[in-house]
Amino acid sequence: MSDRQEQISQVVVTAEQMRDIEARIFAAGMPVVALMEKVAGLIARRIQNIYPNQKGAGTLGRRDTESSFPTSPRPPLFASSSLFFSNPCIGILVGPGHNGGDALVVARELYFRGYEIWIYSPFSQLKELTSQHLQYARSLGIPIYQEIEQLPNSDLLIDGLFGFGLERNLTDPIASAINQLNQLSVPILSIDLPSGLHTDTGEVLGTAIRATHTFCLGLWKLAFLQDQALEYVGKAELIDFDIPLADVEAVLSEAPRIKRITPITALSTLPLPRPAITHKYKEGHLLLICGSRRYAGGAILTALGARGSGVGMLSVAVPESLKSLLVSHLPEALIVGCPETETGAIAQLQLPTKTNLSSFSAIACGPGLTTDASPIVQQVIESDVPLVLDADALNILAEIATIPTLQKRQAPTILTPHTGEFQRLFPNITDVKHHRIKAVQQAAAQTGAVVLLKGARTAIANPQNQVWIIPESTPALARGGSGDVLTGLLGGLLAQAATKHIPVEDIAATAAWWHSQAGILAAQERTELGVDAFTLAQFLIKTLKSKLQLITYH
Ligand SMILES: NC(=O)C1=CN([C@@H]2O[C@H](COP(=O)(O)OP(=O)(O)OC[C@H]3O[C@@H](n4cnc5c(N)ncnc54)[C@H](O)[C@@H]3O)[C@@H](O)[C@H]2O)[C@@H](O)CC1
Ligand SMILES: Nc1ncnc2c1ncn2[C@@H]1O[C@H](COP(=O)(O)OP(=O)(O)O)[C@@H](O)[C@H]1O
Ligand SMILES: [K+]
């Protein structure tokens, strides 16, 4: 990957920013019509790659020509595969704007490459360029339909109804047409984004195309990184059409950056290679404070996550009754047994002599504590040590309402809530479910902490409004205990970075990226049902090794 590609793949834009960037390109002299040709040419070539036209190589599985609406039976899912169709029939859905224009250029190109094409163009008012392309398609004899009921069967649909120009909720008749198109068991490839999604929030504006594959054009739009958009987007792919970096910079320079974390950035944040002359305390000393008689496993999983980070020294404070269990799982760690409450929570921290909280390079506190360990959380907040607060530490924080004391901390703080913990902690931030990125930015600004909001697309914000988003993950991680592994891993990386000048949000993003990648690799090897939290921790180093190899070889 070139430097430019690496930088482009990190960029995330809103619809407004994309419009401004395009406006600069057009103002500089690039004709709109030429850009549309270029972009649509790239899309057409990708479609040819995915669904090659092997006309003449046999005619397995030919479709009938009668209408797919309203009563024709659904074609089988596998009908989409190029293995089954030598000459795929492609239906092109055309909207009123330039998204429709792109689709029409794709239609024309595929028509000339021998594909069987029909066009669905339900709008009477089209932008000038789109209208011209439609006229030309008509002159070529490509069938054009205005009514959904007229549409013939197809093996594939290309969605060019709306792109980033969609402004308001979709209404009938186009809304019901989209609903009917979604009912067909035909793969849908969306151009730029699935029609009906809000470009920034990923919200469904009335209804939206459920794409199997989306070609995001030029730069990643924010919607692709929003949890609520994922089931509409399908497999997402960026079509890079050579937007000059200078134009991107010019438009984004003032704005708080929202970035996708890439393997190169994540790996460059890791404490590798280690200096030849070092010792265990130079490689970070992490204190984990976790577990209770009720939740013993959480402490083990957090510690295994920390082990995966490679941290120099690991101390784990647990209730006394858990000590031997932890020792048996983590012989290398220093297990600190603490006096416990009647309920089996840590009652007070009893660190070894000559040790206090300031002796550690970082502290990670919370998994499995129960809310009975409240004084401990207060104590760690008052320390001057970089701190990760997760799980019950966040619930305690919500109960004791000490957000203002977080602001006063001298050392960095990272909060790692899932959506439920987030809502308890920040009841004044509404709509975290629908505006996750805005919500995480507000939370970071309110607390002065780095906030890592867990989810399908984990987002990390710093108090300066900058955001990192983890662009890929797996639902295999939606499983008890996987968050504990992340807390340990993050704590371990934070401890190792203590003497280095790496922004804390970069460390949080790296930990979340590594955690997701481990989930992805484990799911590939063991299926999505095979990624229990213990297994996930075992995959951390294996994943790191495979990612480092990829970087070395490219
Ligand atoms: N100009 C170019 O040559 C390029 C075009 N691109 C394509 O252009 C798209 C943006 O084009 P546009 O700005 O024309 O916008 P769109 O094609 O996304 O749609 C805008 C059109 O839809 C109408 N509209 C908006 N909301 C509606 C609603 N709820 N119901 C009915 N009609 C509605 C608007 O009045 C306008 O006519 C991108 O998504 C991309 O596909 C770029 O990707 C590449 C360069
Ligand atoms: N659908 C999903 N896709 C990808 N990752 C997910 C999904 N659901 C959960 N995760 C990840 O799994 C982890 C779950 O953490 P958390 O909710 O704290 O669980 P626990 O407290 O049981 O350890 C987080 O890192 C989260 O981002
Ligand atoms: K679209």
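For ligands, and for the atoms within them, numbers begin at 1 and follow the listed sequence. Please read all numbers here as calculations on a predicted model, not as lab measurements.
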Closest protein heavy atom (residue, atom, distance) for [atom]:
atom                    : result
atom 17 (O) of ligand 2 : H418 CD2, 3.2 Å
atom 18 (O) of ligand 1 : G163 N, 2.5 Å
atom 15 (O) of ligand 1 : G165 CA, 3.3 Å
atom 9 (C) of ligand 1  : N99 N, 3.6 Å
atom 19 (O) of ligand 2 : G483 N, 3.6 Å
atom 4 (C) of ligand 2  : T474 O, 3.0 Å
atom 18 (O) of ligand 2 : K454 NZ, 2.7 Å
atom 9 (C) of ligand 2  : A478 CA, 3.7 Å
atom 11 (O) of ligand 1 : H98 CB, 3.4 Å
atom 7 (C) of ligand 1  : D102 OD2, 3.1 Å

Which atoms of ligand 1 are found less than 4.0 Å from any heavy atom of [X]?
X    : value
P96  : 21 (C), 22 (O), 23 (C), 37 (O)
V39  : 44 (C)
L217 : 40 (C), 41 (O), 43 (O)
K127 : 12 (P), 13 (O), 14 (O)
M36  : 3 (O)
L35  : 45 (C)
D192 : 38 (C), 39 (O), 40 (C), 41 (O)

Can you list the ligand 2 atoms lying under 4.0 Å from a non-hydrogen atom of [X]?
X    : answer
P475 : 1 (N), 2 (C), 3 (N)
S473 : 4 (C), 5 (N)
G481 : 20 (P), 22 (O), 23 (O)
G480 : 22 (O)
T458 : 27 (O)

Keeping [X] on the side-chain end and [Y] on the backbone end, is there a donor-acceptor pair under 3.5 Å?
X    : Y    : value
R436 : R457 : yes
D192 : N99  : no
S482 : A478 : no
D159 : S195 : yes
T212 : I188 : yes
R479 : L529 : yes

Just going by heavy-atom distances, which of [options] is nearest to [atom]?
atom                    : options                : result
atom 25 (O) of ligand 2 : H515, E421, R457       : H515
atom 10 (N) of ligand 2 : T487, L486, L477, I520 : L477
atom 33 (C) of ligand 1 : F162, F215, F241       : F162
atom 27 (C) of ligand 1 : V32, T199, L166        : L166
atom 27 (O) of ligand 2 : G366, S482, A456, G455 : G455
atom 30 (N) of ligand 1 : R168, E167, E37, Q125  : R168

Quiz prompt | Geometry at the K ion (ligand 3) - S195 OG versus D159 O angle, rounded to 10 degrees | solution = 100°
Does any N, O or S atom in [X] come within less than 3.4 Å of the K ion (ligand 3)?
X    : answer
F162 : yes
S190 : no
L93  : no
I191 : yes

Do any nitrogen or oxygen atoms of [X] come within less than 3.5 Å of a nitrogen or oxygen of ligand 1?
X    : result
L170 : no
I191 : no
F123 : no

Heavy-atom closest pair, residues [X] and [Y]:
X    : Y    : value
I346 : C290 : CD1-O, 4.0 Å
A476 : A523 : CB-CB, 4.0 Å
A449 : L415 : CB-CG, 4.1 Å

Quiz prompt | Heavy-atom gap E22 to ligand 1 smaller than 4.0 Å | solution =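 Within the 4.0 Å threshold, so yes.
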Quiz item: N169 near ligand 1, heavy-atom distance under 4.0 Å?
Solution: yes
Exercise. Test salt bridge (Lys or Arg N to Asp or Glu O under 4.0 Å) on E37 and R108 and set out the steps.
Key: CA-CA 11 Å; E37 284 295 316; R108 188 199 67 208; 2.8 Å; yes
Quiz item: Taking distance alone, with no angle check, do D484 and ligand 2 share an N/O pair under 3.5 Å?
Solution: yes
Exercise. Test T201 against Q226 for side-chain hydrogen bond (donor to acceptor under 3.5 Å, both in side chains), laying out the working first.
Key: CA-CA 7 Å; T201 64; Q226 303 272 16; over 6 Å; no
Self-check item: Within the 6.0 Å centroid threshold, strictly below: Y136 and Y111
Solution: no
Practice problem: Assess A391 for proximity to ligand 2: is some non-hydrogen atom of it under 4.0 Å away? | Solution: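 Contact check A391 vs ligand 2: negative.
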Quiz prompt | Heavy-atom protein neighbour under 4.0 angstrom from atom 3 (O) of ligand 1 | solution =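 Under the 4.0 Å cut-off, atom 3 (O) of ligand 1 does have protein heavy-atom neighbours.
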Practice problem: Using a 4.0 Å heavy-atom threshold (strictly under), name the region of D390 that reaches ligand 2: side chain, backbone, both or neither. | Solution: neither
